[in-house]
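As the structure lists them, so they are numbered: ligands from 1, and atoms in each ligand from 1. In this chain, numbering begins with 1 at the start of the sequence shown.
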Amino acid sequence: MLNIALPKGRLGEKAHAVFESAGRGCPEIHEPGRRLVFENAGSGVRFFWVKPSDVPIYVERGAADLGVAGKDILLEHSPDVYELLYLGIGRCSMCVAGPRGFCESGDRTLKVATKFPNIARRHYARGGRPIDIIKLNGSRELAPRLGLSDVIVDIVETGSTLRENDLEVLERFLDISARLIANKASFKFKYSEISALAAEIAGAAEGGAPQ
Ligand code: PRP
């Protein structure tokens, strides 16, 4: 049995659809309810829903053999895992966004609200710009509107969250998409099961260049 951590939410549903089209899904996962674990003994897979930012923790520590995680989460947390496969789903961009027409004065520390402090710090360090990071776990779009920050660093997919909150993209600096990741010990000891599954998934996943 392969244990697979899926990110709860939009990306997890798309990820499960990829497993499903490879014939390795679990039909019960579509039933409404608050169950977190779904097993398909016939396909040798057990899925569990976890918070997206927790997927690398489950995989790195071996509670899951495999997981699906966005490149944003991987770059932010740098887990010690293998990136096996580019899945072609969850495509979005890491952006700096701010109020429409925002113009940086440059003469004072820029206040940046984000869920991705490491990515934001690295981005601004490249330009030598001093920043003050404000770590927020949700509703980042509120921060510039309420004066908590000047800008946000966040992922943008359709852009509608920004638009509906009177913000706009100021800079798009990183392309993001989802990866199949593997625990290093599992990859060694369950090599044939994992590589067979990865090959089936690769056949079912969308093509395109890795982001
Ligand atoms: C992300 C991001 C934006 C939204 C962007 O949040 O933080 O709020 O998606 O998507 P859009 O460009 O299509 O509007 P997510 O829903 O992943 O949840 P989070 O706020 O918990 O990170």
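Within 6.0 Å of atom NZ in Lys135, more than 12 heavy atoms from other residues, nucleotides or ligands are found, so the atom counts as buried in its surroundings. For CZ of Arg129, the number of neighbouring non-hydrogen atoms (other residues, nucleotides, ligands) closer than 6.0 Å is greater than 12. Shown here is Lys184, whose NZ atom has more than 12 heavy atoms of other residues, nucleotides or ligands within 6.0 Å.
Residues Glu171 and His123 bring a donor and an acceptor atom of their side chains to less than 3.5 Å of each other.
Within the 3.5 Å criterion, the main-chain N or O of Lys111 finds no donor-acceptor partner in the side chain of Asp132.
Among the atoms of Ser139, none of the N or O lies under 3.5 angstrom from an N or O of ligand 1. The distance criterion of under 3.5 Å between nitrogen or oxygen atoms is not met by Asn137 with respect to ligand 1.
Atom-to-atom distance recorded for Glu13:CD and Leu11:CG is 10.0 Å, nearest 0.5 angstrom. Distance CG/Asn165 to CZ/Arg140: 12.0 Å, rounded to 0.5 Å.
Residue Glu141 approaches ligand 1 through these ligand atoms, each under 4.0 Å from one of its heavy atoms: 3 (C), 8 (O). Heavy-atom proximity to Thr161, at under 4.0 Å, picks out these atoms of ligand 1: 4 (C), 5 (C), 8 (O), 10 (O), 11 (P), 14 (O). Below 4.0 Å from some heavy atom of Ser160 lie the following atoms of ligand 1, by number and element: 12 (O), 14 (O). For ligand 1, the atoms lying closer than 4.0 Å to a non-hydrogen atom of Val156 are 12 (O). Short contacts between ligand 1 and Thr158, defined as distances under 4.0 Å to a heavy atom of the residue, involve ligand atoms 11 (P), 12 (O), 13 (O), 14 (O).
Nearest to atom 18 (O) of ligand 1 among the protein's heavy atoms is Arg140 NH2, 4.7 Å. Scanning the protein heavy atoms around atom 22 (O) of ligand 1, the nearest turns out to be Lys115 NZ, 2.7 Å. Of the protein's non-hydrogen atoms, Ile155 O, 3.5 Å is the one closest to atom 2 (C) of ligand 1.
For the pair Leu66/Ile181, no side-chain contact is recorded, criterion being any heavy-atom separation below 4.5 Å from C-beta on. With contacts defined as side-chain heavy-atom distances shorter than 4.5 Å, the pair Pro99/Leu167 qualifies.
Between atom 17 (O) of ligand 1 and the options Glu164, Arg10, Glu157, Arg163, the minimum heavy-atom separation is to Arg10. The heavy atom nearest to atom 12 (O) of ligand 1, out of those in Ala97, Gly90, Gly159, is found in Gly159.
When distances from atom 20 (O) of ligand 1 to the protein are checked, a heavy atom turns up under 4.0 Å.
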